[in-house]
Amino acid sequence: MTLPDIILLTLAGFFAGGVNAIAGGGSFLTFPALVFTGVPTIAANATSAVAVFPGYLSGALGFFRELRELPARQTMLLMAMSALGGFLGSLLLLVSSPEVFAVVIPWLLGFATLLFAYGKRVAEWAQRHVDAQGWQANAANLIVCIYGGYFNGGLGIVLLALMSALGMRDLNQMNGLKNGMSFVVSAASVATFALAGIVYWPEAALMMVTATIGGYVGARVSRRLPPQMIRAAIVIVGAVMTLVFFLRV
C-alpha cells in the first residue's frame with residue numbers, strides 16, 4: 001500500500017465505523033475505497049465484508065438483554081438461515097466472473113442506496129404483503145441472507161423490514177436481531193472468503209482498527225447530530241458511488 005492508499009483506507013474505515021454506529025451504510029465507503037486503491041472488485045467486496053464484520057457482534061451484544069426475551073426456537077431458526085444464506089451468497093460471489101461482477105456492482109449499489117433511502121416504506125410494504133406465519137417469510141429471510149453474503153450493502157435495512165413484517169415492534173429487539181443475523185451472515189461469508197484466499201488482509205486489518213475507533217466516536221457523535229442529516233449524507237454518498245461505478249463499466 002502506498003501512503004495515499006493508507007490515508008484513504010484509514011479515513012474510509014473510520015467514517016464507515018462511524019456511520020454504521022449511527023445509521024448503517026458503512027459499505028458505501030469501504031468498498032469503493034478498496035476498489036480505488038487497486039483491489040480487484042470481487043476481492044474488494046470480500047475485504048470490505050471483513051472490515052465491517054466485528055462491529056456486528058458488538059452491536060448484537062449491546063442488545064443482549066432484549067435478544068434473550070425472544071423465543072429461542074425462532075432466534076435459532078433465523079441464525080441458522082443466516083448462516084446458510086451467508087454461505088450460499090459467498091459461494092455465488094466466488095463463482096462470479098470479475099467482468100460480470102463489475103457490471104452488477106452499480107446496480108447493487110443503487111439498489112442498496114434506494115433501500116437505505118426508503119427503508120421505512122420498504123418495512124411498511126413488507127408488513128402488508130409478507131405472511132408472517134407462512135413460507136414467504138422464511139423464503140424472504142433466506143433470500144435476503146444470500147444477498148448479504150453476496151453483497152453486504154443495505155442488508156440491515158431489508159432485515160428490519162422483514163422483522164416488521166413478522167410482527168416485531170420493539171426497535172431494540174429488532175436492532176439486536178438485525179445485528180446478530182448480520183454477524184452470522186458475515187461470519188459465514190468471511191470464513192468462505194478467507195478459505196478461498198481472496199481477502200486482502202493488510203487492508204482489512206487497517207480498516208477493522210479504524211472502523212472500531214470510528215464506531216466509538218460515531219456512537220458519541222450520534223447524540224448530537226440529527227439522524228436525518230446523517231441518513232441524507234449516506235444517501236448522497238451512495239448515489240455518487242453508484243454513478244461513479246456506472247461510469248466505470
Side-chain angles (χ1 to χ4, degrees), residues 1-22 24-59 86-87 89-106 108-109 112-113 147-156 182-218 234 237-238 240-242 244-245 247-249:
M1 289 184 287
T2 65
L3 180 58
D5 291 345
I6 293 174
I7 294 173
L8 176 59
L9 294 179
T10 297
L11 292 174
F14 177 82
F15 285 108
V19 300
N20 274 341
I22 298 171
S27 299
F28 293 140
L29 300 173
T30 54
F31 173 71
L34 287 162
V35 173
F36 293 151
T37 57
V39 179
T41 53
I42 290 180
N45 191 41
T47 304
S48 175
V50 174
V52 300
F53 168 60
Y56 292 130
L57 179 59
S58 60
F87 175 67
S90 60
L91 287 182
L92 183 61
L93 179 68
L94 291 179
V95 300
S96 298
S97 69
E99 294 78 15
V100 170
F101 190 64
V103 172
V104 171
I105 286 171
L108 291 175
L109 283 171
T113 302
Y147 165 80
Y150 184 77
F151 186 77
N152 193 257
L155 173 62
S182 296
F183 175 75
V184 174
V185 168
S186 296
S189 58
V190 164
T192 306
F193 297 148
L195 290 173
I198 65 171
V199 177
Y200 279 51
W201 288 107
E203 288 84 349
L206 173 62
M207 297 181 86
M208 286 170 71
V209 172
T210 56
T212 301
I213 297 171
Y216 176 77
V217 174
I234 295 170
V237 170
V240 171
M241 290 299 102
T242 299
V244 169
F245 276 91
L247 295 175
R248 285 169 59 97
V249 176

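Computed from heavy atoms alone, side chains included, the values below leave out hydrogens, waters and symmetry copies. Nothing fancy with the numbering, it's 1 onward along the sequence.
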With rounding to the nearest 0.5 angstrom, report the [atom1] to [atom2] distance, [X] to [Y].
| X | Y | atom1 | atom2 | answer |
| --- | --- | --- | --- | --- |
| Phe31 | Thr41 | CZ | OG1 | 6.0 Å |
| Leu9 | Thr30 | CG | OG1 | 10.0 Å |
| Leu8 | Thr2 | CG | OG1 | 9.0 Å |
| Ser27 | Leu108 | OG | CG | 11.5 Å |
| Asp5 | Leu34 | CG | CG | 10.0 Å |
| Met1 | Ile7 | CE | CD1 | 12.0 Å |

[X] to [Y] - nearest heavy-atom pair and separation:
| X | Y | value |
| --- | --- | --- |
| Ser96 | Ile42 | O-CD1, 3.1 Å |
| Ser189 | Gly86 | CB-O, 3.9 Å |
| Thr242 | Pro106 | CG2-O, 3.4 Å |
| Val199 | Ala194 | CG2-N, 4.1 Å |

Kindly say whether Phe87 contributes a backbone atom to a donor-acceptor pair with the side chain of Ser90 at under 3.5 angstrom? yes
Is there a donor-acceptor contact under 3.5 Å linking the side chains of Asn45 and Ser48? no
Given the side-chain rings of Tyr150 and Phe101, with only the six-membered ring counted for Trp, is the space between their centroids under 6.0 Å? yes
Does some side-chain heavy atom of Phe193 sit less than 4.5 Å from a side-chain heavy atom of Leu93? yes
Does any non-hydrogen side-chain atom of Met207 lie less than 4.5 Å from one of Val50? no
